[in-house]
Protein chains: 2
Amino acid sequence: MKKSEQKMQDILSFIEEYTKNSGYPPTYREISANVNLKSINSVKKYLDRLELAGYIKKSGFKSRSIDLVKQEIPTVNFPVVGRVAAGQPILAEQNIEERLVISSSLIGNYDDSLLFALKVRGDSMIDAGINDGDLAIVHSQNTVENGEIAVAMVEDKATVKYFYKNEDKISLHPANPLYQPIEGKNISVVGKVVAIIRKI
Amino acid sequence: MKKSEQKMQDILSFIEEYTKNSGYPPTYREISANVNLKSINSVKKYLDRLELAGYIKKSGFKSRSIDLVKQEIPTVNFPVVGRVAAGQPILAEQNIEERLVISSSLIGNYDDSLLFALKVRGDSMIDAGINDGDLAIVHSQNTVENGEIAVAMVEDKATVKYFYKNEDKISLHPANPLYQPIEGKNISVVGKVVAIIRKI
DNA sequence: TCAAAAGTCAAACATTTGTTCTATTTTTAC
DNA sequence: GTAAAAATAGAACAAATGTTTGACTTTTGA
């Protein structure tokens, strides 16, 4: 590697670290002081090269306007809801226990603001590989396709089941022979389970 | 809410959005232009208040030195390994297919650099709620406790099983009556399964 | 090795940007 | 409603930060 290419690396690393620590990028002089370059002009030339090479973007004459064009891992951010109280919207402030983040690629292309998570209670879906205590990530929607796993409100309680609908009759099927399907009235679909996370 | 408190909110929101979009914070003048304040001095007073209230940190006389003291959600970052080639270290560059991120709270307090993920193949752990295609998050370690779920190398292939050890005899137990336990020689523990993620 | 190219340096400059000051207007609280 | 407090505005200032220029030194590549 050329000597100057090493310097380019050093400068890029310094910018990354500085930005991470400070919340804003360094100035040319701060860079010069930290990569063993006494000339501000040299710094500028390196930054021009870094920009040309696509590692950063700058805005002329603006201070600290180094924008790292980093390839961040895309994530989604969603709340974990606790007890779902009757009558309240699921995503009501009071229900939210914490917020979590996971890579978008783990759940498919859903809108951030329509996702939430729910801790699964009971073993009624155990044959679908959903255990007591698992975290279900749910996409809010009013209907799901037959055979999909849905979160539904049954008599003011949230439940996770396979969803089926024949001629306007809704039934929720457990994945456990010990339980009976739930049929009929007072069932409203809240969302579709798009992922399961289990801490072991 | 007082009128000035609303303005404080507006300014904070603008800073957050600007920083997210640009990679660096706005100047006082950019703020003033975007929150309907014609006086730079007013901006400064609001920023002083925001700092006093703990929302931001500033460094005197530094340009664009607004540091948002956001409460970020802690995450861990780990690679997904594909085929594990014989003889190679699991985390070898060639094995890594992508990198993922999830909230730390989803897996417990493990060291970032010792985590990796592995796609589970087969249904030998189905009664433990681990399905074909599930992603297992693994903490690299050379030994695990009896009864824990381990990733082990058996004849140069990675497998996920319950781990048991009696008087130096290691056995790997599937969670599926259709499979037999694996015993004996040529078994080396690679890590412990700390979480399971399933995309549905 | 040697000439050309690239990198380094220092200094002066132009622009941006945070700070301070004073006067005026608006809001707040009784 | 009214006086005190708070917020706003404009301008001048001081410090910082990016840019440019030209001379010098080092590195590169045949």
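Since we're looking at a predicted model, the values are computed, not measured. Values below: every heavy atom of this structure, side chains too, minus hydrogens, waters and symmetry copies. A note on names: the letters A, B, ... follow the listed sequences, proteins ahead of strands, and every chain is numbered from 1.
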Exercise. Which class fits the ring pair Y164(A) and H173(A): parallel under 30°, tilted 30 to 60°, perpendicular over 60°?
Worked result: perpendicular

Exercise. I31(A) CD1 to dA16(D) C1': how many Å, rounded?
Worked result: 14 Å

Exercise. Ignoring hydrogens and geometry, is there a side-chain-to-backbone donor-acceptor pair from N34(B) to E30(B) under 3.5 Å?
Worked result: yes

For this session: Look at the side chain of N41(A) and the base of dT21(D), then say whether one donor and one acceptor between them are separated by less than 3.5 Å.
Result: yes

Exercise. So what does T27(A) touch, heavy atoms closer than 4.0 Å: a base, only the sugar-phosphate, or nothing?
Worked result: sugar-phosphate

For this session: Choose from dA7(D), dG10(D), dT19(C) the nucleotide whose nearest atom is closest to any side-chain atom of R29(B).
Result: dT19(C)

Exercise. For the residue pair Y24(A) and Y18(A), does the interplanar ring angle fall in the parallel (under 30°), tilted (30 to 60°) or perpendicular (over 60°) class?
Worked result: perpendicular

For this session: Flag yes if more than 12 heavy atoms outside F163(B) fall under 6.0 Å of its CZ atom; otherwise flag no.
Result: yes

Exercise. The side chain of R49(B) lies closest to which of these nucleotides: dA7(D), dG10(D), dT8(C)?
Worked result: dA7(D)

Exercise. Once you round it to whole Å, what is the distance between C1' of dG10(D) and OH of Y28(B)?
Worked result: 18 Å

Exercise. Should S124(A) and K161(A) count as side-chain neighbours, where that means a heavy-atom distance under 4.5 Å?
Worked result: yes

For this session: Could you list by number each residue of residues 59-69 of chain B showing a heavy-atom separation from DNA chain C of less than 4.0 Å, or answer none if no residue does?
Result: G60(B), F61(B), K62(B), S63(B), R64(B)

Exercise. Base, sugar-phosphate, or nothing: which does K44(A) touch, judged by heavy atoms less than 4.0 Å apart?
Worked result: base

For this session: Assign L37(B) to base, sugar-phosphate, or nothing according to its heavy-atom contacts below 4.0 angstrom with the strands shown.
Result: sugar-phosphate

Exercise. Whole-Å distance between dA6(C) C1' and M8(A) CE?
Worked result: 14 Å

Exercise. Is I137(A) reachable from L135(B) through a run of hydrophobic residues whose side-chain heavy atoms are each under 4.5 Å from the next?
Worked result: yes

For this session: With heavy atoms under 4.0 Å as the rule, sort S4(A) into base, sugar-phosphate or nothing.
Result: sugar-phosphate

Exercise. Do other residues, nucleotides or ligands put more than 12 heavy atoms under 6.0 Å from the CG atom of N142(A)?
Worked result: no

Exercise. Taking atom C1' of dT8(D) as reference, at what distance in whole Å does atom OH of Y46(B) sit?
Worked result: 8 Å

Seminar exercise, completed: Taken to the nearest whole Å, NZ/K7(A) to P/dT25(D) is 18 Å

Problem set entry | Whole angstrom value for the distance that separates C1' of dT28(C) from CD of Q6(B) | 17 Å

Exercise. Just how far, in rounded Å, is C1' of dT8(D) from NZ of K45(B)?
Worked result: 8 Å

Exercise. The side chain of K58(B) lies closest to which of these nucleotides: dT8(D), dT19(C), dT19(D)?
Worked result: dT19(C)

For this session: Find the distance I40(B):CD1 to dT17(C):C1' and express it as a whole number of Å.
Result: 9 Å

